[in-house]
Amino acid sequence: MPELPDVEIFKQYFDATALHQTITAVYVGDHRILQDLSENDLRSYSLDSKFESTFRHGKNLFVHLTSGAAVLLHFGMSGDLKYYQHSDDQPKHARVIWTFDNGFHLAYISIRMFGKVAIVQNSAAYLTDQHLGPDALSMDWQQFFAIFKNKRGMVKSALMDQSTLAGLGNIYVDELLFHAQIHPETSVEEMNEAEIHELFKTMKSIINTAIDVRVNFEDFPDDYLINHRDKQGTCPICSKDLERIQVASRTTYYCPQCQMKMKK
DNA sequence: AGTACCACCTGACGGC
DNA sequence: TGCCGTCAGGTGGTAC
């Protein structure tokens with residue numbers, strides 16, 4: 001699930017539920033999810049502290065604690081959050097659970113264990129250390145063009161590379177290339193400024209749309225690719241059968257008629 | 001710098 | 001019903 005729009009919705013959910021309450025307990029359901037962090041350390045950072053504010057960069061969600069440090073949540077391929085009151089509602093794959101003084105709990109869920117929970121002292125330094133590029137939603141055109149005018153390789157690989165820009169994954173890269181009518185294997189160095197600008201505009205548009213519909217698949221506009229990603233899928237615009245190929249080792253859907261721009 | 005693999009995990013689904 | 005292969009929206013490492 002979680003690419004930038006999903007994580008933005010997690011942030012909004014977190015802000016609406018789990019801030020400003022004293023943490024009274026921390027439960028770790030599977031310590032493998034903790035990165036360079038012991039269960040005891042997570043507990044001592046959390047207990048008697050409060051979640052104060054959240055900050056998202058790409059697919060990373062930082063939650064600042066009143067104790068000073070921040071909890072970093074990364075959701076991998078199957079992460080989620082759930083705020084609930086009764087233990088009957090505890091989700092099956094809750095890997096970390098924070099309990100608050102109002103009796104509610106916040107569960108960090110990860111089915112496939114690909115996510116991570118860490119403690120970071122300085123989120124800006126963490127982004128630098130991890131070599132993360134600028135956030136795809138907040139970056140401006142000057143930044144985007146400065147990066148892409150010097151990039152080489154396939155456009156899909158470039159957009160997926162978190163050190164180039166942070167936040168896009170397989171689903172939304174396919175979606176934006178579809179709307180920009182650019183073939184996923186197009187070489188970035190073959191694209192002119194107008195095409196790169198189209199890429200930028202479309203990227204902003206599809207991220208904002210996904211956030212507006214709160215990533216509910218059924219609420220995406222009819223001309224979006226997202227609900228047609230299957231082997232029998234047809235193009236929502238021209239009805240031609242979609243192509244399914246591997247690009248940068250990832251399953252890629254595109255319309256061979258609408259996405260003609262291709263130079264290898 | 002870019003790409004092609006492999007690995008990390010669990011669960012859902014289709015075929016037999 | 002059960003077993004098995006395949007696939008899944010992420011990331012990190014290694015080798016070329």
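Side chains are part of it too, since the values below use all heavy atoms of this structure and drop only hydrogens, waters and symmetry mates. Sequence lines set the chain letters: A, B, ... in the order given, protein chains first and strands last, and positions in each chain run from 1.
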Inset, instruction - Run through the side-chain heavy atoms of Ile, Leu, Val, Met, Phe, Trp and Tyr, join any pair under 4.5 Å, and report what else lands in A:I97's cluster. - result: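 Direct or chained contacts put A:I97 with A:Y27, A:Y84.
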
Legend entry - Apart from A:L132 itself, residues in the same hydrophobic cluster as defined by side-chain heavy atoms under 4.5 Å: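 Besides A:L132, the cluster holds A:F55, A:F62, A:L72, A:V120, A:Y126, A:L127.
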
Inset, instruction - Please tell me which of A:N150 and A:S249 maps to the more 5' nucleotide of DNA chain B, matching each residue to the nucleotide holding its nearest heavy atom. - result: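 It is A:N150 whose nearest nucleotide is closer to the 5' end.
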
Legend entry - Heavy-atom closest pair, residues A:V71 and A:F51: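 A:V71 and A:F51 have their closest heavy atoms at CG2-CE2, 4.1 Å.
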
Inset, instruction - Taking all heavy atoms of A:E198 and all of A:A180, pick out the closest pair and write down the distance. - result: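 Heavy atoms of A:E198 and A:A180 come nearest at CG-CB, 4.1 Å.
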
Euclidean distance, atom [atom1] of residue [X] to atom [atom2] of [N] [Å, nearest integer]:
| X | N | atom1 | atom2 | answer |
| --- | --- | --- | --- | --- |
| A:I111 | B:dA12 | CD1 | C1' | 10 Å |
| A:K149 | B:dA1 | NZ | P | 17 Å |
| A:D30 | B:dG11 | CG | P | 11 Å |
| A:K156 | B:dA4 | NZ | P | 13 Å |
| A:E185 | B:dG2 | CD | C1' | 14 Å |

Legend entry - Rounded P spacing from C:dC7 to B:dC5 in Å: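 Going atom to atom, P in each nucleotide, I get 15 Å.
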
Inset, instruction - With P as the reference atom in both, quote the distance from B:dC9 to C:dC3 in angstrom, rounded to an integer. - result: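 The same atom, P, in both gives a distance of 24 Å.
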
Legend entry - Watson-Crick and G-U pairing of DNA chain C, under 3.5 Å, as dot-bracket with | and [ ]: .|||||||.|||||||

Legend entry - Sugar-phosphate only, base, or nothing, as touched by A:S157 at under 4.0 Å among non-hydrogen atoms: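 Sugar-phosphate, backbone atoms only, no base.
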
Legend entry - Pairing residues for A:N170 by the side-chain hydrogen bond (donor to acceptor under 3.5 Å, both in side chains) criterion, not counting sequence neighbours: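 Counting only residues at least two positions away or on another chain, A:N170 forms a side-chain hydrogen bond (donor to acceptor under 3.5 Å, both in side chains) with A:K156.
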
Inset, instruction - Establish, with yes or no, whether the OP1 or OP2 oxygen of B:dC9 is under 4.0 angstrom from a side-chain nitrogen or oxygen of A:H93. - result: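 No, outside the criterion.
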
Legend entry - Contact list for residues 235-248 of chain A, test side-chain hydrogen bond (donor to acceptor under 3.5 Å, both in side chains), sequence neighbours left out: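 Only A:R244-A:Y253, A:Q246-A:T251 qualify under side-chain hydrogen bond (donor to acceptor under 3.5 Å, both in side chains).
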
Legend entry - Per-nucleotide protein contact string for nucleotides 5-16 of chain C, where B marks a base within reach and S marks sugar-phosphate only (heavy atoms under 4.0 Å, - for neither): --SBBBBS----

Inset, instruction - Indicate, with yes or no, if the rings of A:F144 and A:H197 have centres closer together than 6.0 Å. - result: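 When the ring centroids of A:F144 and A:H197 are compared, they turn out to be at least 6.0 Å apart.
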
Legend entry - Polar contact flag, side-chain donor to acceptor under 3.5 angstrom, A:K11-A:T54: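 Checked: A:K11/A:T54 side chains pair up, N/O donor to acceptor below 3.5 Å.
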
Inset, instruction - Return the orientation label for the A:Y83 and A:F100 ring planes: parallel under 30°, perpendicular over 60°, tilted otherwise. - result: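 Because their plane-to-plane angle lies in the 30° to 60° range, the rings of A:Y83 and A:F100 count as tilted.
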
